[in-house]
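One structure below.
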Amino acid sequence: MPKSAKTVLTINSIIMIGLLILAFQVYINWQSEYFMAFLSAAIIGGLFLCQMVVMYKGRKLWNMLRAIIYVLALLIALFLVASLADLFTVAGFFKCLGSLFLTLYLLGLRGYLNSKEFLGYFTGLEQTESE
């Protein structure tokens, strides 16, 4: 497995853990941010699918995964636009900043899934690396 795939797996795991904590906080506090809770669940599911495709080379899910990641990036961008009203509060600023970074990460992940390096690993034509 190339080092970049291991990096993607690590970043996805960190994001999934953070979103699980965030969704749990929304559940515990019974806040009115249900869209954030549903969005967190969708992102966790999409990133979990990405983990499975990268780890087990799921060739049939690869095309669908790229579309799912793009849709998730669009949903997070929608959340970013919806949360711009709270931009000038501390919590709103971090919400906007986090959703912006997550959108850019997902778009970069989609680009990585299209890269020659990943396709070489995915098809089994990867070059030998020293691990």
Query raised in the report: Roughly how far, to the nearest 0.5 Å, is the CG atom of L49 from the CG atom of N12?
Result: 10.5 Å
Query - Within one Ile-Leu-Val-Met-Phe-Trp-Tyr cluster: L39 and I14, side-chain cutoff 4.5 Å - result: no
Query raised in the report: Which value, rounded to the nearest 0.5 Å, describes the distance between T10 atom OG1 and I15 atom CD1?
Result: 11.0 Å
**Report entry** Over all atoms of both residues, closest heavy-atom pair of I69 and C50
**Finding:** CD1-SG, 4.4 Å
Query raised in the report: Is L47 linked to L104 within one hydrophobic cluster, defined over Ile, Leu, Val, Met, Phe, Trp and Tyr using a side-chain heavy-atom separation of less than 4.5 Å?
Result: no
**Report entry** Minimum heavy-atom distance between V54 and A5, given as atom pair plus value
**Finding:** CG1-CB, 4.0 Å
Query raised in the report: Should the pair K116 and Y121 be classed as cation-pi, given the thresholds of under 6.0 Å to the six-membered ring centre and 45° from the axis?
Result: no
Query raised in the report: For the hydrophobic clusters of this structure (ILVMFWY residues joined by side-chain heavy atoms under 4.5 Å, transitively), does one cluster hold both M55 and I44?
Result: yes
Report task. Could you tell me whether the side chain of Y70 reaches within less than 4.5 Å of the side chain of L107, counting heavy atoms only? Result -> yes
Query raised in the report: Between CG of L78 and OG1 of T103, what distance do you get to the nearest 0.5 Å?
Result: 10.0 Å
Report task. Answer yes if F88 and F79 sit in the same cluster of Ile, Leu, Val, Met, Phe, Trp and Tyr residues linked by side chain heavy atoms under 4.5 Å apart, and no otherwise. Result -> no
Query raised in the report: Any side-chain heavy-atom pair from L102 and I43 closer than 4.5 angstrom?
Result: yes
Query raised in the report: In chain order, what residues pass the ring-ring contact (aromatic ring centres under 6.0 Å, His included) check against Y112, with sequence neighbours excluded?
Result: F118
Query - Spatial distance of atom CZ (F48) from atom OG (S13) [nearest 0.5 Å] - result: 10.0 Å
Query raised in the report: If you round to the nearest 0.5 Å, how far is CZ of F93 from CG of D86?
Result: 13.5 Å
**Report entry** Heavy-atom side-chain proximity of W62 to K57 below 4.5 angstrom
**Finding:** no
Query raised in the report: With a 4.5 Å limit on heavy-atom distance, are the side chains of V8 and Y105 in contact?
Result: yes
**Report entry** L80: partners by side chain to side chain contact (heavy atoms under 4.5 Å, CB included), with sequence neighbours left out
**Finding:** C96, S99, L100
Query raised in the report: With the 4.5 Å side-chain cut-off for hydrophobic clustering, are L113 and L61 part of the same group?
Result: yes
**Report entry** Residue pair N114 / R66, side-chain heavy-atom distance below 4.5 Å
**Finding:** yes
Requested in this report: Please round to the nearest 0.5 Å and tell me the distance separating atom CZ of F101 and atom CG of L106.
Outcome: 13.5 Å
